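Here the structure comes first, spelled out in structure tokens, and everything after it is commentary.
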Amino acid sequence: MIHRFTLTAVLVLGTVILGGTLLIGCSNTAAERMPRPDVVTIDAMTVFGDLERPVVQFPHDLHTAAVKEDGKDCTVCHLRLEDGSLSQKYGRLVDDDVQTVTDVYHVGCINCHTEKASLDMKSGPVACGECHVREAKYTSSRVQIHFDRSLHYRHVDASQEKCERCHHDWDSTQTARTYIKGKEASCRDCHKDASIGKRPSIRTAVHHQCVGCHLETPNSGPTVCAGCHDSERQKAITVVEDAPRLFRNQPDFVLLAAGEAERANSKMKTVPFSHLAHEGAVASCRTCHHEMLHSCDDCHTLPGKEEGGGVRLERAMHDMTADHSCVGCHERAKDALDCAGCHNLMQRGKLSEHACTICHTGPEPDRLTSVAERYTSLDQFRKPANDTRLSINRRDIPDTVIISLLSDTYEAVRMPHGRHIDSLMKRIGASKMATYFHGHDDVVCQGCHHHSPIGERPPMCESCHREPFNESDLMKPGLYGAYHRQCLGCHQSMQIEKPSACVDCHANKESRAE
Amino acid sequence: MADEPMVVERPLLSKFNVIAGLIILVGLWLTFKRFTGGLGAVSNLDHSNPWGIWIGFDLLCGVALAAGGYTTAAAVEIFNMKKFHAAVRPAILTGFLGYSMVVFALLYDVGRPWRLPYPFAVNQGVTSVMFEVGACVALYLTVLFLEFSPVALEWLGAKKIRAVVVRLTILLTILGVVLSTLHQSSLGAMYLLVPSKLHPLWYSPYLPVFFFVSSIAAGLSMVIFEGSLSHRFFKDKMDDEHRKSANDIVLGFGKGCSMVLAAYFAIKVFGLALGNNWNLLGTGYGLWFMVEMLGFVLLPCLLYAIGVREKNVTLIKWTALWTVLGIVINRLNIVLICFNWQLPADQRYFPHWMEIGISVFVITVGIVVFRFIVTRMPIFFEHPDYKEAH
Amino acid sequence: MSTSRRKFLKWLTAAGAASALPSVAEGHGHFTGYSDSYGVLHDTTLCVGCRSCEKACNEVNDLPAPDRPFDDPTVLSDVRRTDEKAYTVVNRYDVNGPSGSPVFRKLQCNHCKEPACASACFVGAFTKTPEGAVVYDASVCVGCRYCLMACPFDIPAYEYNKALEPRVMKCTMCHPRVAEGKLPGCVEACPMEALTFGKRDDLITIARERIRKYPDRYIDHVYGETEVGGTNWLYITGAPFETLGFRTDLGVTPAPELTSGALAMVPVVIGVWPALLGGIYIMSQRKEKIANQEKAAAVKDAINTTQAKADAALKAATEKAKNEKDKAVEKAVKKALDDAAKQTGGGEA
Amino acid sequence: MSESIHTLQEFMLQTKGIIYLLAIGYLAGFVWFWRFLHGRDKKEDQIG
């Protein structure tokens, strides 16, 4: 009996110790995984249902290089389609059934690897567990490449403006590519993230288009993954500064208004809009035009309609959170360091009362007699975009402002008022948008002298900010807080390293004993 | 004759006396350090870990293990289980000494011990569970003293006063059970205030019930356990009645304890369901929880049962020790091991050797006093003048 | 008659006395705290981590000089907690990565509406003042440190190195200064007014307004509005609260509610146990008594039966003896007659 | 100290205080009641 007892006792004590050790907890050390831009996840089998083993992470460029070394070409792995172009599938044209596809991979890969190994050349894995691993040897460092204006221009240039070499339409009746000049759209207009029926996904489509072309055309663009998808190599791509316009008979100028049909119902003045200027400012047409490159009022009507996803014209232009809207895009522009100083301190996500009149300066829509009138020059409606003259005489602006608050502890602050204005004006002048929106309107003063009318003598801080926490206006900081929030807030958002300590602004009083 | 053991004398410089003496000397030195240098001088207690082993072991375990007093007294005096009669006096004595040690240890832990009466004399913080614990412990200590006093009075031969006290036995017993119920459970209730610091597997609205029920198990096991110790060391002090009833007591208490443990296990599981903490069982703490529940509640429960069925006194005695160990682990879990479980390891508490030193000192003092009393007063035997008196 | 009237009047006065006790402001045991209590709103998006508040706090409460000076920026490199030398500390959290702009968070007593420390203290050393501050009275403190245990924010600290009168140390929301109409030291010192002092209700309004006005700058939650039943110190931040060392798992239950259930059982036990145990005692005693009586009865009739047997035996014995005696007499008489007859018959012949 | 109670803490401070007093009173009373209850019992089951 007693033995039976001691036995259990020992057993339990064992568990106790085990428990104790487990309490400490074992730390899992993740192995270092090599980032590559060319990692292809072989998940072809997923269309047939769940996988038995983890998917294979396949370093594509590694193989391309190896194949080249053998003096072979892509056809080692990729079969030709009837039109002579290469299929992007490995060793097959269609995915018949799980078994065949599996075999294609296993036979193909393993044979090649064993063969190479037998010739004792550098070779790849042959055992299941070597390819099908949960924690793959590689992680994908692939970055998307943006076919921006510069790149687009270089292609137009290289192809002697043969847009049809890439841009095409699909005529379902003759089941063949067609092309209509001047009706080009973005690839994504048709090619979505996933393939639809016979229409390939955007991924397949562009790889087929780009890589195919690059392969055919000697010393053209990259043919390996890294060429486009490696962040370093992307930086190396030559950028054509102020590349000429990509011409798709778009207008230079537009008086933005509701579509012809409902013009009568739109009461807002039209917006004189320089399409030309914006083309230079945005990455590509898609920035504003979504994929299909129609004019806004085709899809966005006053009440909104289906093509436009039900988005009303007003929203399409003013939605602050939207990527494609005017206001949304301009709002995000305020995040730039040069702008953030003033704008971060202001309430964002809300248009000021007089904001409308900044853009809506064109004639009333119903006064537009002819269509052509919409596309004439805008200078009669807009102020010139390079005018940054303040209405206030620079000499009337104090150069230094003495802030003697806190002067019991520190010396008074000598704030270089003039320098602040100059540097801000310089920044405004550097940006067309900034110039247009507050160039000469003296609004620059409002960066600090906020909530007050623009004018020669804006109110001083202490005219509003006095004692802290007054219950009549809970939101208003006291003078002490107002100064520090305004100065430090601006300096922080513009990432100006100074001041890092109190004494950067307030000189220590010599008399003061520490 | 029954009283002949009293004339047996031991050499002054016995091994026990020497060791005890040394420990007490060290203890006195630590005491000096504590009351001149403050708690920081002798303990690892800090702002995030304000309670250490003095509370975790000396107080919580002490009180739980001293529960033998009220359980035995209740069994004999209230439920009238005469055959356990011989166990009452030792149990009362251990209870009395146990609580005295608790208060003794408290004098070290508390910042200003001389103010211990303040909660009752100066300003009553009645919203505090601790107020209730304090009040009950104070009263119960008095009750235990009175319950114990007949022994001393018999020793001193003060017949008259003894008679008075003995007449109060039943009232004292009832009062004792009331007070014990209250403070045993309230020691658990003290931790109801820290849901954010105590691991959810141990935190439960049932905490007071857990503490109360487990204290009964602890009490019964303690009676069995120290009964067996006494038999080893104080056999010569025992009269025949005491020796004869020893096995009855072991078997009877073993049976009772087995049932209590079963109930305890059940409500612990209910508590788990109440908090819906099943998912936590998979974690490291979960495993530790399982160890406590299976290894130190369910296992002794079964071993007791087996022991009782097979009339295996040895097994029951060992199981008693195991159960006591289990209760200690449970209390330490709540106060130390699973408390502040979210803090990073370097901010967790581990006792300073001086803290342990003081704990050992306190316990030693307890044992010495126990030894002094049982070697002189009628604990394990009936005083010749008071045969059949109770 | 008259006596009864006097009794009646007595009763009335007693009732009056009872009604003199403080009445409950809110019904059904739901309490909303002191309506006009003050608090502080800490806007971490404004805090620049200059530690002026720590300095001011140290001076106002004349606490011992810090180990490292207040203008030493390296202090911020490790996350600290309040201790017996600092009622408040500012910690830096690099939530936007080491390069991104750090977020600073000030730590001090949150002055709960239902303070755990007060609920825990068995000498009532902690008081929630109507002004909002939770204040501590060292003159009664026993030093059990249950308050340190109870505080969900780990705020109170203890003077572990004082032998004779160690105190619990924690922020007082500058209760004395506020009473004089001054601002709390830290609030007054904050150059950014990242700390706003005012009526708690107003502070919540301000916080909500800021969140509404700058939705992209703030997380839509006012920490302390509901946590552990609400605190008088409130926080709004731009980064998720848990990344700034806030406990977001504290729930909204006020501390006293956690123990009220258990405390409510105390009187029940006191009330029921004695009766219950007394009853059991009487029953067990009674059982024993009955047992004794039965035993006695058994003995009695056992005795009776044996007695009867004995009597019977005696009777029989005496009968037998008597018979034998008679027989003996008869025999003797007969013999005598025979002898007489023999003598007369022999003389004639 | 305001006349009306605003916090649960205050409320409990008052109510629990009263309850403790009542409880002590009850315990004392119980002893008397116990003796009253068993006062007339015969000698052999005299209690307490």
Side-chain angles (χ1 to χ4, degrees), chain B residues 34-41 43 45-48 50-51 74 77-82 106 109-113 115-116 118-119 122-134 170 173-175 177-178 181-182 185-186 188-197 205 207-208 339 342, chain C residues 81-84 116 118-126 137 140-150 152 154 156-168 228 247 249-251 253 255-256 258-263 265-266 269-270 273-274 277-278 280-281 283-285 287-288:
Chain B
R34 153 71 181 87
F35 287 103
T36 50
L39 281 162
S43 75
L45 300 172
D46 61 36
H47 307 307
S48 306
W51 286 356
E77 306 295 350
I78 297 174
F79 297 87
N80 200 25
M81 303 180 180
K82 287 270 190 291
L106 218 48
D109 182 81
V110 162
R112 312 192 199 190
R115 281 186 175 179
L116 275 173
Y118 274 32
V122 178
N123 196 7
Q124 297 75 17
V126 288
T127 59
S128 171
V129 180
M130 195 184 261
F131 175 85
E132 192 245 316
V133 174
I170 180 62
T173 315
I174 290 179
L175 189 56
V177 176
V178 172
T181 314
L182 290 178
S185 56
S186 296
M190 288 205 308
Y191 279 82
L192 289 174
L193 214 44
V194 294
S196 57
K197 298 184 185 178
L207 266 172
F339 187 78
Q342 280 155 317
Chain C
R81 64 152 284 165
T82 54
D83 59 32
E84 77 274 28
S119 158
C121 184
F122 72 154
V123 260
F126 290 93
D137 172 8
V140 292
C141 179
V142 180
C144 69
R145 309 189 298 289
Y146 192 21
C147 45
L148 277 71
M149 293 284 289
D154 269 330
Y158 193 68
E159 295 182 310
Y160 283 104
N161 294 321
K162 279 207 186 165
L164 290 181
E165 52 272 327
R167 294 164 300 169
V168 171
V228 295
R247 285 289 295 269
D249 58 349
L250 294 179
T253 318
L258 292 168
T259 50
S260 60
L263 285 173
M265 286 314 290
V266 171
V269 172
I270 297 177
W273 251 223
L277 298 170
I280 295 172
Y281 171 72
M283 276 189 267
S284 55
Q285 291 293 315
K287 248 210 225 91
E288 191 187 10

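The model shown is predicted, which means the values in this text are computed figures rather than measured ones. Lettering of chains follows the sequences in order, A, B, ..., and the numbering in each one begins at 1.
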Between [X] and [Y], what is the shortest heavy-atom contact and its length?
X	Y	value
A118(C)	T127(B)	O-OG1, 3.7 Å
V123(C)	N123(B)	O-ND2, 3.0 Å
L193(B)	A255(C)	CD1-O, 3.5 Å
P119(B)	F122(C)	CB-O, 3.3 Å
R145(C)	L45(B)	NH2-CD1, 3.5 Å
A120(C)	S128(B)	O-OG, 2.6 Å

(request) Name the option with the most non-hydrogen atom pairs under 4.5 Å to chain C; the candidates are A189(B), G38(B), A41(B). (result)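 The candidate making the most pairs under 4.5 Å is G38(B).
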
(request) Just give me the residue among V133(B), V129(B), V122(B), D46(B) that pairs up with chain C most often, heavy atom to heavy atom, under 4.5 Å. (result)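 Counting heavy-atom pairs under 4.5 Å, the top option is D46(B).
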
Looking only at heavy atoms and a cut-off of under 4.5 Å, which of [options] has the most pairs with chain B?
options	answer
A150(C), A116(C), A125(C)	A150(C)
G251(C), P166(C), G124(C)	P166(C)
R167(C), K162(C), R247(C)	R247(C)
A163(C), G278(C), A262(C)	A163(C)
L258(C), L148(C), L277(C), V142(C)	V142(C)
S260(C), C147(C), P274(C)	P274(C)

(request) Would you sort out whether Y281(C) and E77(B) count as a side-chain contact (heavy atoms from CB on, under 4.5 Å), showing the intermediate values? (result) CA-CA 8 Å; Y281(C) 171 72; E77(B) 306 295 350; 5.7 Å; no

(request) Using the side-chain contact (heavy atoms from CB on, under 4.5 Å) rule, take N80(B) and K287(C) through it: C-alpha gap first, then chi angles, then the decisive distance, then the call. (result) CA-CA 10 Å; N80(B) 200 25; K287(C) 248 210 225 91; over 6 Å; no

Contacting region of [X] [heavy-atom separation from chain C under 4.5 Å]:
X	answer
F35(B)	backbone
E132(B)	side chain
T36(B)	backbone
M81(B)	neither

(request) State which residue, out of L182(B), V177(B), L175(B), fulfils the side-chain contact (heavy atoms from CB on, under 4.5 Å) condition with W273(C). (result)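 Going through L182(B), V177(B), L175(B) one by one, the side-chain contact (heavy atoms from CB on, under 4.5 Å) with W273(C) is satisfied by V177(B) alone.
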
Portion of [X] that has a non-hydrogen atom of chain B nearer than 4.5 angstrom:
X	result
E165(C)	both
D249(C)	side chain
C144(C)	both
L263(C)	side chain
L250(C)	side chain

(message) Restricting to ring pair (Phe, Tyr, Trp, His ring centres under 6.0 Å), what partner residues turn up for Y118(B), sequence neighbours left out?
(response)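 Y118(B) satisfies ring pair (Phe, Tyr, Trp, His ring centres under 6.0 Å) with no residue once adjacent residues are dropped.
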
(request) Walk me through it: do I280(C) and F79(B) pass the test side-chain contact (heavy atoms from CB on, under 4.5 Å)? (result) CA-CA 7 Å; I280(C) 295 172; F79(B) 297 87; 3.8 Å; yes

(request) Say whether, by atom type as modelled, one donor and one acceptor occur between the side chain of H47(B) and the main chain of P156(C) under 3.5 angstrom. (result)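 It does not hold such a pair.
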
(message) Under a 3.5 Å distance rule, please check whether Y146(C) uses its side chain to pair with a backbone N or O of M190(B) as donor and acceptor.
(response)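 Here the side-chain-to-backbone pair exists.
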
(request) Please examine the side chains of M265(C) and P208(B), heavy atoms only from C-beta on, and report whether any two atoms are closer than 4.5 Å. (result)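 Answer no - side chains too far apart.
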
(request) Go through the structure and list residues passing side-chain hydrogen bond (donor to acceptor under 3.5 Å, both in side chains) with R115(B), not counting sequence neighbours. (result)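 With neighbours one apart ignored, the set is empty.
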
(request) Start with the C-alpha gap between K197(B) and D154(C), add the side-chain angles, then the distance that decides, and say whether side-chain contact (heavy atoms from CB on, under 4.5 Å) holds. (result) CA-CA 10 Å; K197(B) 298 184 185 178; D154(C) 269 330; 3.0 Å; yes

